[in-house]
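Taking it in order: structure first as structure tokens, then the write-up.
Just so it is clear, the structure is predicted and the values come from calculations on it, not from any experiment.
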Amino acid sequence: MHIANGALLPVVTALVCCSISTGTRATACMQEIVVPINFQQGAVCWRHVGVGTTFKGQFGAHQRVTAGAVGEFYEADANNRTAITAGPWQLAVTGPQGFSANSGGDGQLDVILPQTGQYSIVTYPCSIWGNQGMIEICAQ
């Protein structure tokens, strides 16, 4: 997976440095932004660059799904100045019959799915919802 080895970090750094702040980041923890996962025919990985909180798609039983996401974090100091930094986002996946799994401390998700169906991959903490970022999801 490209995110795991840092190959995409320069792209995200450029995204963070050059993105135009919008009102969408004010939606943190309140508005889910759903993005459908649509793999190109023959592709094993799918990537989304931009804003999104929940990524939904169909997966098969026993598929190994790996995912990673990086993006903006907004931090305010005591003088109400805001700094924008970039780093890994945490991920959780949910699916049929109550299936769920979380990424490790490094934000990398690696899971074998138990059955065919629709799965949702969610970024967290919700305070990053609405921020610019990139997620890559691979299924084998």
Distance-only criterion, 3.5 Å: show the donor-acceptor pairs between side-chain atoms of residues 96-104 and protein atoms not counting sequence neighbours.
from   : atom 1 : to    : atom 2 : distance (Å)
Ser103 : OG     : Gln90 : OE1    : 3.2
Ser103 : OG     : Leu91 : N      : 2.9
Ser103 : OG     : Leu91 : O      : 3.2

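- Closest of all the heavy-atom pairs between Phe39 and Ala139 is CZ-CB, 4.2 Å.
- Residue Thr94 holds its OG1 atom at 9.0 Å from CD1 of Ile121, rounded to the nearest 0.5 Å.
- Residues satisfying the side chain to side chain donor-acceptor pair (under 3.5 Å) criterion with Thr116, sequence neighbours excluded, are absent altogether.
- For the 3.5 Å distance criterion, the side chains of Glu32 and Thr53 fail to qualify, holding no donor opposite an acceptor.
- Here the straight-line distance linking atom CZ of Arg47 with atom SG of Cys138 works out to 8.5 Å at 0.5 Å rounding.
- The environment of Asn80 atom CG is sparse: at most 12 non-hydrogen atoms of other residues, nucleotides or ligands sit within 6.0 angstrom.
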As a quick check of understanding, evaluate side-chain contact (heavy atoms from CB on, under 4.5 Å) for Val122 and Phe55, giving each step before the final call.
CA-CA 6 Å; Val122 178; Phe55 304 87; over 6 Å; no

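- When side chains are defined from C-beta on, Asn131 counts as touching Trp89, because their heavy atoms get closer than 4.5 Å.
- Between Trp46 and Glu136 the shortest side-chain heavy-atom distance does not fall below 4.5 Å.
- Rounding to the nearest 0.5 Å gives a distance of 13.0 Å between CD1 of Ile84 and CZ of Phe73.
- Residues passing the side chain to side chain donor-acceptor pair (under 3.5 Å) test with Asp77 are Arg81, sequence neighbours excluded.
- Across all non-hydrogen atoms, the minimal contact from Val51 to His48 is O-NE2, 3.2 Å.
- No continuous path of ILVMFWY side-chain contacts below 4.5 Å connects Tyr124 to Ile37, so the two sit in separate hydrophobic clusters.
- Scanning all heavy atoms of the two residues, the minimum distance from Ile128 to Glu72 falls at CG2-O, 3.9 Å.
- The minimum heavy-atom distance between Tyr119 and Gln115, with the atom names listed, is OH-O, 2.6 Å.
- Residues Thr85 and Tyr74 are not in side-chain contact: their nearest non-hydrogen atoms beyond the backbone lie 4.5 Å or more apart.
- What you find for Lys56 and Gln118 is that their closest heavy atoms are CD-NE2, 3.4 Å.
- Residues Leu109 and Val93 form a side-chain contact, since some pair of their non-hydrogen atoms from C-beta on lies under 4.5 Å apart.
- Counting only heavy atoms from C-beta outward, the side chains of Arg64 and Asp110 approach each other to under 4.5 Å.
- Pro114 and His62 make their closest contact through O-CE1, 4.2 Å (heavy atoms, listed as atom of the first residue, atom of the second, distance).
- Listed for the Trp129 side chain is no donor-acceptor partner under 3.5 Å among the backbone atoms of Thr54.
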